[in-house]
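Inspection log for the structure reproduced underneath, given as structure tokens.
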Amino acid sequence: MERLSSKAEVHGAVLAAKREGKSVALVPTMGALHDGHLSLVQAACARADYVVVSVFVNPTQFGPGEDFEAYPRDLEHDLALLAAEGADIVFTPNVSAMYAADAAVTVGPGPLGGMWEGAIRPAHFSGVCTVVTKLLSIVGPDLAFFGEKDYQQLQVVKRLVCDLDLPAKVVGCPIVRECDGLAMSSRNAYLDRDERAAATVLYRALRTAETLALDGERDARVIATALRDTVEAEPLATLDYAELVDPVTLQSLKTLDRPLRAIVAARVGATRLIDNMAIVPRQEQQ
Ligand code: AMP
């Protein structure tokens, strides 16, 4: 495995691999890697001959007052984990290598980027779209792997690649969870002991929604209310949103007449957590 920090080096290494007839996968990350990230790397290694993992804490997707400076960073540990998974290249640009001082053009996410996370973090998805477009241009992968953990991001990136005819296929990968159901996240490291215990409320709320659907509830508003009530019953959690939405357009829906997505975001102490789950109406589960 090689660690490369310049765009030109990565571009050259990938070109050489392509000349050998290898298929190429990209796994974009912000580092502080856990088993959720590694599941993406494993999926990439299974589907492509040559795997590039980027580790870059992208400043443009953090808003003012968010945790860009404090975001956990542990590159040596990340490199060891990625070598063990069999990644070919780890791309570790610094901010000034990634963004020219006079960079002026950004990529907008369209309407999907103004909903849910985008309503709370206004520049977030523009930062995501810009950095993903740049990474796809630098690396030129056949496949790009993203986690369902960031479900809205996955849908935004799919639209980005489709609407701008970017020559890569986006592959979504399932959420990896801790034993108690908490979705793995680099930000879980911020939680103290009591907050860590309280953080399972997101998963418990999603399971409550899933159970209602399994029991035959078809009113999506009833299910969304149960989702919200569960989170709000946890004293350490403050709900941002909890809703049942169309899995592609992310619009709220009133009736569970096809598979929908339950999405939830809450702050536990000072830490913002997001999670989601597919909610399938009863007869489609057989
Ligand atoms: P991040 O480093 O948080 O930007 O995440 C990099 C990629 O890993 C994104 O595509 C995330 O959706 C994905 N990811 C993060 N946590 C998980 C998880 N628990 N399960 C699956 N994918 C994840």
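Start at 1 and go down the list; that is how both ligands and their atoms are numbered. Residue numbers run from 1 in the order of the sequence given. Given the structure is predicted, the values throughout are model-derived calculations rather than measurements.
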>> Could you tell me, atom by atom, which parts of ligand 1 come under 4.0 Å of a heavy atom of Pro174?
In response: 20 (N), 21 (C)
>> As an exercise, identify every atom of ligand 1 less than 4.0 angstrom from a heavy atom of Phe146.
In response: 10 (O)
> Which protein non-hydrogen atom lies closest to atom 20 (N) of ligand 1, naming both residue and atom, and how far is it?
Replying inline: Val176 N, 2.9 Å
> Purely on distance, is any nitrogen or oxygen of Gly147 under 3.5 Å from one on ligand 1?
Replying inline: yes
> If we only count N/O pairs under 3.5 Å, is Asp150 in contact with ligand 1?
Replying inline: yes
>> Regarding Ser23 and Asp49, do their side chains bring together a donor and an acceptor under 3.5 Å, going by distance alone?
In response: yes
>> Looking at Glu195 and Asp192, would you say the former's side chain and the latter's main chain have a donor-acceptor pair under 3.5 Å?
In response: yes
>> Does only the side chain of Leu40 get under 4.0 Å from ligand 1, or the backbone, or both, or neither? Count heavy atoms.
In response: side chain
>> Going by side chain to side chain contact (heavy atoms under 4.5 Å, CB included), Thr92 matches just one of Leu75, Val53, Asp78. Which one?
In response: Leu75
> Is there a donor-acceptor contact under 3.5 Å from the side chain of Thr255 to the main chain of Asp257?
Replying inline: no
> Of the protein's non-hydrogen atoms, which lies at the shortest distance from atom 5 (O) of ligand 1, and what is that distance?
Replying inline: His37 NE2, 3.4 Å
>> At less than 4.0 angstrom from any non-hydrogen atom of Thr29, what atoms of ligand 1 do you find?
In response: 2 (O), 6 (C)
> For atom 4 (O) of ligand 1, what is the nearest protein heavy atom, given as residue, atom name and distance?
Replying inline: Met30 CG, 3.5 Å
> Does Lys158 use its side chain to pair, donor to acceptor, with the backbone of Val248 at less than 3.5 Å?
Replying inline: no
>> To check you understand the geometry: which heavy-atom pair defines the closest contact between Arg282 and Asp215, and what is its length?
In response: NH1-O, 3.3 Å
> At what distance is the nearest protein heavy atom to atom 23 (C) of ligand 1, and which residue and atom is it?
Replying inline: Lys149 CB, 3.8 Å
>> For atom 6 (C) of ligand 1, tell me which residue out of Cys173, Pro28, Gly31, Gly36 has the closest non-hydrogen atom.
In response: Pro28
> Under the 3.5 angstrom rule, does the side chain of His37 hit a backbone N or O of His34 as a donor-acceptor pair?
Replying inline: yes
>> Quick test: of every protein heavy atom, which one is nearest to atom 16 (N) of ligand 1, and how far off is it to 0.1 Å?
In response: His34 CE1, 3.2 Å
>> Under 4.0 Å from a heavy atom of Met184: which atoms of ligand 1 are those, numbered in the order shown and with their elements?
In response: 16 (N), 17 (C), 18 (C), 19 (N)
> After noting the C-alpha distance and the side-chain angles of Phe125 and Glu117, does the key distance pass the side chain to side chain contact (heavy atoms under 4.5 Å, CB included) rule?
Replying inline: CA-CA 8 Å; Phe125 286 116; Glu117 284 304 286; 3.6 Å; yes
> Do Leu136 and Val55 share a hydrophobic cluster, counting only Ile, Leu, Val, Met, Phe, Trp and Tyr and linking them when any side-chain heavy atoms are less than 4.5 Å apart?
Replying inline: no
> With atoms numbered from 1 as shown, which atoms in ligand 1 lie under 4.0 angstrom from a non-hydrogen atom of Ile175?
Replying inline: 20 (N), 21 (C)
